[in-house]
Amino acid sequence: MHSHDAPVAHQFDDAGQQQEAVTLGMWLFLAQEILFFGGLFLTYAVYRSLYPEAYAAASHELDITLGGINTAVLITSSLTMAMAVHSAHAGRRKAILGWLVATLALGGAFLGIKAVEYAAKFEHHLFPGPHFQFPDPALAAPARIYYSLYFAMTGMHALHMVIGFGILLWLIWLTARGRITAQRAAPVEMTGLYWHFVDIVWIFLFPLLYLIGRHG
Amino acid sequence: MTTTHSGRARNYLNAAYTLRSWLTTLDHKRIGILYLISITLFFFLGGAFAVLLRVELLTPRADLVQADTYNKLFTMHGMVMIFLFLIPSIPAVLGNFLIPLMIGARDLAFPRLNLLSWYVFIVGGVFLLLSVILGGVDTGWTFYTPYSSTYSNSHVALAAIGVFITGFSSILTGLNFIVTIHKMRAPGLTWFRLPLFVWAHYATSLIQVLGTPIIAITIVLVGLERIFGMGIFDPKLGGDPVLFQHLFWFYSHPAVYIMILPSMGVISELITCFSRKRVYGYRFIAFSSLAIAVFGFLVWGHHMFVSSQSAYAGMVFSVLSYLVAIPSAIKVFNWTATLYRGSVGFRTPMLYAFGFLGLFTIGGLTGLFLANMGLDVHLHDTYFVVAHFHYIMVGGAIMGYLGGMHFWWPKITGRMYPEALSKFAALVVFVGFNLTFFPQFLLGFEGMPRRYHVYDPGFQVLNVMSTAGASILGVGYLIPMGYFLWSLRYGPVATANPWGAKGLEWQTSSPPPTDNFERTPVVTEEAYTYPRSEVELA
Ligand SMILES: [Cu+2]
């Protein structure tokens, strides 16, 4: 599998060892990420069980259309990212560039839509700062907790997207300079793992935040 | 072999001399030294806070400082010692230096990440220092809400950012170690031939990677709460401050094992070397490290017996906490069995190992008192708790750290330290430690609460003893500092293996060359194949 032309850092014996180490490192990093988001999901679950009505009422203020579109955009970006990894293994430079740029564009679209949603929340005084107001004053306090978690969770997710954005730009630069080849596909592969992880986090966030009590 | 004009062999220390060569180094050994210098400075800073605390406690009244300052002093003592000294101590210094050597690798799997983790650590440390310089933090190192998130007027945000950032340094180090231990072992070095030091660091790294992110996100929530008043931990707004305690201790109980497990790894190396015997029950010690790491994640509730946690949850946490004693006891019994009929040599590192055995045992057993729900109601937030965790963290972790520093000092620097003086210092540390902290068990049992600068005059005698002990302990820490520095220039030159120890790190020169080994070693036998002692042969 692994060609011996691949550049091997001095601490490794061969490209195979290097590839295994990098992959294990990336998975450990993702395990760490799961725990990081896990703290937020736990907090979410605790308050959802304490304040189910407030959660449902607050969730209804979210824009389900924009959220739905964003989910579709992000899943599509995972597809284009997977295609970039595929092209990297095949060593097709133009294709890698194309798929990476597509992923970047979709990621940008996601962040753009998210910004529109955030702006609307600020306008409607739903940001849990000093100007917070909720239509139903009886539920205002727990709804404020819901929005705190909404902003913390989607904000952390968006932060991960922005970091992914930076990594994609770096990859595009590497690819353009011919530094990504079939033997040296690891950077694209690892970015792919990261991007899919960030995508999966959103797959959990969307129903938990947007779809409370929407059935029936 | 290439030699420099001074005549000494090329090694990692004389490979380059500029400051730049140190600050941009990717060599795990040099990064270990960078950590050593930084955490030593932090140790003496944390120690300075302790001195002020102990001086104030000489009398029952407020003489030196008032309540506000006292709150800041014990907070800063705890934060600096835990986040900037104990958590990085053995892993980042000795682990960094030794793991690649012990497994016959040229470096850690990710040298750049390793250097990055040091810079991240320093940035986090700078934030914590800033919070000190600008006036300090008064929440206790535990950041309990809603005081930290809503009411405290001190520099909580800066300190929280500092802790958040140093956490990532810890995660990166742990990740690097796990990958290195999995993927970089020399030919023939199977898992069950690894030194127990490596097993202990593997278990530690698992906690670092899986536990630290929880406190990171918790601190983010405290920060957001502080800035925006979101209500997540504020009971006035429907939040639950106890949720913070759950999240905090989910990391911070296992964090105790981040501090003690590496020390246990050091002790395994010291006891086998200076008993000249194979370790008794290798696999039990190896797996007990993993067991401690796993159980450690399931016992956090023992910090919350009096925090409105349900009695049933408390019972489960109490039983699970008792269970942690089993792997810890397995280690102590196996070490003791290793000593049995060994030809025991009383060199300085071994004195620290003996100190560890006694003090860790006392610290561990008093932990059982506190894991008992009924007793904890009486002992909670008293000096008994303070004494207990200092027996673990200072009597255990720091004894192991000092023992390890003495053991590997010749390997790290190529110089020997003065034997007689170092034995004397080990004795001073042991006496000073016990005089400082044993009276605190008695104070706590009699009901003296922790975290107050004034106390009932009846407690004064024991407090004076404790302060006297702390002065002795301080001297005990300064002496090694002095002779270690002295030895860099004047110490006798060390051979490759001054202790006649087994382990790959002793097969290369002292100090090792930049690439660690002339050629990659091949391992054909288990760890600690010391020749049988004469007693055993007879
Ligand atoms: Cu604990």
Side-chain angles (χ1 to χ4, degrees), chain A residues 8-14 16-47 49-51 54-55 127-132 134 138-153 155-156 159, chain B residues 26 28 100 105-113 167-168 171-172 174-180 182-184 186-187 205-206 208-221 224-225 227-234 236-240 242-244 246-247 250-251 514-516 520:
Chain A
V8 176
H10 90 288
Q11 71 271 24
F12 296 112
D13 292 330
D14 53 50
Q17 187 189 29
Q18 173 167 290
Q19 173 77 13
E20 283 179 21
V22 169
T23 309
L24 178 61
M26 193 62 205
W27 279 105
L28 280 169
F29 176 75
L30 295 184
Q32 177 276 132
E33 288 280 48
I34 290 173
L35 270 296
F36 187 78
F37 278 100
L40 286 171
F41 280 106
L42 175 86
T43 310
Y44 169 93
V46 166
Y47 290 117
S49 72
L50 281 176
Y51 307 117
Y55 262 55
F127 180 79
H131 306 296
F132 181 81
F134 194 66
L139 294 176
R144 188 190 172 91
I145 293 183
Y146 169 88
Y147 281 107
S148 302
L149 288 167
Y150 166 80
F151 276 99
M153 294 169 99
M156 270 301 155
L159 182 66
Chain B
L26 298 179
H28 65 102
R106 285 184 288 280
D107 207 314
L108 289 172
F110 308 119
R112 271 172 217 284
L113 205 62
F168 283 97
I171 292 173
L172 294 180
L175 185 151
N176 217 339
F177 285 178
I178 294 177
V179 175
T180 304
H182 268 279
K183 299 294 176 193
M184 312 287 283
S205 302
L206 286 177
Q208 285 175 300
V209 171
L210 298 179
T212 319
I214 297 284
I215 193 160
I217 192 65
T218 309
I219 286 175
V220 169
L221 288 176
L224 291 176
E225 176 100 28
I227 298 166
F228 299 111
M230 290 178 150
I232 296 177
F233 298 127
D234 187 349
K236 271 203 316 213
L237 296 170
D240 181 4
V242 178
L243 177 64
F244 169 85
H246 279 288
L247 290 165
F250 182 81
Y251 165 76
T514 299
D515 270 344
N516 291 351
T520 306

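First the proteins, then the strands, lettered A, B, ... as listed; each starts at 1. The model shown is predicted, which means the values in this text are computed figures rather than measured ones. What's counted below: heavy atoms across the whole structure, side chains too, no hydrogens, waters or symmetry copies.
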Check your understanding: Should F41(A) and M153(A) count as side-chain neighbours, where that means a heavy-atom distance under 4.5 Å?
Key -> yes

**Study point:** Per-residue contact mode, A216(B) against chain A (heavy atom under 4.5 angstrom)
**Key:** both

Exercise for review: Using a cut-off of under 4.5 Å on heavy-atom pairs, state which of Y147(A), F132(A), F127(A) scores highest against chain B.
Suggested key: F127(A)

Check your understanding: When heavy-atom pairs shorter than 4.5 Å are enumerated against chain A, which of G231(B), A109(B), P100(B) gives the highest number?
Key -> A109(B)

Revision key, fill the gap. Okay, I171(B) and chain A: the region with an atom under 4.5 Å from a heavy atom over there is side chain

Review point. Which atoms of F244(B) come close to chain A, meaning under 4.5 Å heavy atom to heavy atom: side chain ones, backbone ones, both, or neither?
Key: neither

**Study point:** Close side-chain approach of P187(B) to T520(B), heavy-atom, < 4.5 Å
**Key:** yes

Revision key, fill the gap. Across all chains, not counting sequence neighbours, the side-chain hydrogen bond (donor to acceptor under 3.5 Å, both in side chains) partners of N516(B) are H28(B), K29(B)

**Study point:** Segment of L221(B) engaging chain A (4.5 angstrom heavy-atom cut-off)
**Key:** side chain

Point to revise | L247(B) versus chain A, the contacting section by heavy-atom distance below 4.5 Å | key: side chain

**Study point:** Region of L224(B) that comes under 4.5 Å of a non-hydrogen atom in chain A
**Key:** side chain

**Study point:** H10(A) atom NE2, neighbour heavy-atom count above 12 within 6.0 Å
**Key:** yes

Review point. Can you list the residues that meet the side-chain hydrogen bond (donor to acceptor under 3.5 Å, both in side chains) rule with Y55(A), with sequence neighbours excluded?
Key: none

**Study point:** Basic-acidic side-chain contact under 4.0 Å: K183(B), D13(A)
**Key:** no

**Study point:** Close side-chain approach of L243(B) to Y47(A), heavy-atom, < 4.5 Å
**Key:** yes

Exercise for review: Please look at L42(A) and chain B and tell me whether the side chain, the backbone, both or neither of the residue comes under 4.5 angstrom of a heavy atom of that chain.
Suggested key: side chain

Check your understanding: Of the listed residues (L172(B), D234(B), I232(B), L237(B)), which shares the most heavy-atom pairs with chain A below a 4.5 Å separation?
Key -> I232(B)

